[in-house]
There are 2 protein chains.
Amino acid sequence: MGVSKTENFSKRQNEMAALLKALAHPARIAIVEYLLSVDTCICGDIVDHLPLAQPTVSQHLKELKAAGIIKGNVEGTAICYCIEEKALAKMQVYFTQSAEKIKSKNQSKCC
Amino acid sequence: MGVSKTENFSKRQNEMAALLKALAHPARIAIVEYLLSVDTCICGDIVDHLPLAQPTVSQHLKELKAAGIIKGNVEGTAICYCIEEKALAKMQVYFTQSAEKIKSKNQSKCC
DNA sequence: TTGATTTATTGCAATATTACGATAAATGAA
DNA sequence: TTCATTTATCGTAATATTGCAATAAATCAA
């Protein structure tokens with residue numbers, strides 16, 4: 001990503017950026033939406049639901065897991081991936097607060 | 001970013017990924033938070049509030065604008081940047097719906 | 001017009017991301 | 001143990017991102 005100067009920003013800002021970055025790809029959005037759509041989280045068939053090769057999907061899953069957006073349990077030969085509720089909640093709170101902040105503002109000056 | 005196969009995902013998935021990607025950098029998070037924190041949107045001093053050189057900030061602003069997260073009006077020598085309310089609302093709705101979906105789920109099977 | 005101020009663009013080096021073939025590792029079944 | 005199945009890792013090519021110095025462009029003031 002080039003030489004991101006992360007040390008110059010707050011921990012909270014870096015964490016939120018990392019969380020959003022983990023979701024900032026259509027394949028990872030699709031994975032999360034698929035996990036949200038299935039009722040149980042036995043998810044050995046994620047690869048079949050995505051238009052990407054298995055190593056690519058595995059890499060995206062790894063990124064989502066590293067960011068704490070999903071979690072995975074070994075389940076025999078398969079692996080069971082599920083949404084990590086807390087991560088989604090964090091983003092929901094962040095955008096809800098931001099949306100509230102903007103509504104309470106007086107923006108009539110120029111825009 | 002390598003060769004993202006965007007054509008294989010839905011328009012909605014690509015749009016959400018693009019919106020999140022635009023925010024997925026601490027500098028851009030910081031810019032949006034700064035714009036949220038000032039009451040009027042006369043914002044010629046964004047550069048002074050960020051630990052980055054002026055061309056770098058300008059580039060981040062361009063990205064945010066291209067994604068529709070902020071809008072800018074020429075205001076004499078300065079430029080007035082403001083939050084685009086609709087973009088934030090989109091993300092808020094997306095995560096609120098996702099969070100609701102996960103709460104209504106039966107995840108007891110394995111995670 | 002000239003100069004000062006502010007923002008945008010260009011060009012480039014350093015690094016990160018994406019995708020996938022090949023292959024490895026892990027597990028259960030026979 | 002051997003085989004089949006599933007997921008992870010490695011290696012690599014193609015492309016994208018980040019940051020900044022240098023410079024351009026735009027606007028206002030004098």
Side-chain angles (χ1 to χ4, degrees), chain A residues 1-9 13-14 17-31 34-35 41-67 69-82 110, chain B residues 1-9 13-14 17-31 34-35 41-67 69-82 110:
Chain A
M1 201 207 299
V3 206
S4 270
K5 306 183 90 177
T6 58
E7 72 279 10
N8 289 319
F9 298 96
Q13 287 170 335
N14 277 301
L19 215 48
L20 295 177
K21 191 161 89 174
L23 263 184
H25 189 286
R28 296 194 290 273
I29 291 273
I31 289 172
Y34 178 59
L35 288 180
C41 52
I42 308 288
C43 308
D45 51 349
I46 296 178
V47 172
D48 302 332
H49 282 78
L50 287 180
L52 294 169
Q54 179 268 325
T56 308
V57 175
S58 185
Q59 198 174 283
H60 283 305
L61 287 167
K62 191 180 175 184
E63 249 174 284
L64 285 170
K65 198 175 177 185
I69 292 179
I70 63 175
K71 51 189 169 178
N73 281 27
V74 177
E75 194 92 359
T77 325
I79 293 213
C80 155
Y81 278 115
C82 324
C110 73
Chain B
M1 200 206 299
V3 205
S4 271
K5 306 181 92 176
T6 57
E7 72 279 8
N8 288 319
F9 298 97
Q13 288 170 333
N14 277 301
L19 216 47
L20 295 177
K21 191 162 88 175
L23 263 184
H25 189 287
R28 295 194 289 272
I29 290 273
I31 289 172
Y34 177 60
L35 288 180
C41 51
I42 308 288
C43 309
D45 51 352
I46 296 176
V47 171
D48 303 333
H49 281 78
L50 287 180
L52 295 169
Q54 179 268 323
T56 308
V57 174
S58 184
Q59 197 174 284
H60 283 306
L61 287 167
K62 191 179 173 184
E63 249 174 285
L64 286 170
K65 198 175 176 186
I69 292 178
I70 64 175
K71 50 190 168 180
N73 280 28
V74 177
E75 194 93 359
T77 325
I79 293 211
C80 155
Y81 276 114
C82 324
C110 70

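Only this structure's heavy atoms are used, side chains among them; waters, hydrogens and symmetry mates stay out. Keep in mind the model is a prediction, meaning the values are calculated, not measured.
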Tell me which residues in residues 51-62 of chain B put a heavy atom below 4.0 Å from DNA chain D, sorted by number, or none.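 When residues 51-62 of chain B is checked for heavy atoms under 4.0 Å from DNA chain D, the hits, listed by number, are B:Leu52, B:Ala53, B:Pro55, B:Thr56, B:Gln59, B:His60.
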Apply side-chain contact (heavy atoms from CB on, under 4.5 Å) to the pair B:Leu50 and A:Asn8, showing each step before the final yes or no. CA-CA 9 Å; B:Leu50 287 180; A:Asn8 289 319; over 6 Å; no
Please give, in whole Å, the distance from [N] [atom2] to [X] [atom1]?
X	N	atom1	atom2	answer
B:Ile31	C:dT7	CD1	P	12 Å
A:Leu64	D:dT7	CG	P	15 Å
B:His25	D:dT17	NE2	P	11 Å
B:Asn73	C:dT6	CG	C1'	16 Å
B:Leu23	D:dT18	CG	P	12 Å

Find the distance between CG (B:Leu23) and CD1 (B:Ile31) and round it off to the nearest 0.5 Å.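 CD1 of B:Ile31 is found 10.0 Å from CG of B:Leu23.
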Worked check of side-chain contact (heavy atoms from CB on, under 4.5 Å) between A:Ile29 and B:Phe9: CA-CA 9 Å; A:Ile29 291 273; B:Phe9 298 97; over 6 Å; no
Which heavy-atom pair separates A:Ala67 from A:Leu19 by the least distance, and what is that distance?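 Closest pair (atom of A:Ala67, atom of A:Leu19, distance): O-CD1, 3.5 Å.
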Identify the two heavy atoms, one from B:Leu64 and one from B:Ala22, that lie closest to each other, and give their separation to 0.1 Å.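 B:Leu64 and B:Ala22 have their closest heavy atoms at CD2-O, 3.6 Å.
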Phosphate contact (C:dT17 OP1 or OP2) by B:Lys21 side-chain N/O below 4.0 Å: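 No, B:Lys21 has no side-chain N/O under 4.0 Å of OP1/OP2 on C:dT17.
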Please confirm whether the shortest side-chain N or O distance from A:Tyr81 to OP1 or OP2 of D:dA8 is below 4.0 Å.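 For D:dA8, OP1 or OP2 has a side-chain N or O of A:Tyr81 closer than 4.0 Å.
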In terms of the angle between their ring planes, are A:His60 and A:His25 parallel, tilted or perpendicular, with boundaries placed at 30° and 60°?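 The rings of A:His60 and A:His25 sit tilted, inter-plane angle from 30° to 60°.
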Along DNA chain D (nearest heavy atom to each residue), the more 5'-positioned of B:Val74 and B:Glu63: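 On the 5' side of the pair lies B:Glu63.
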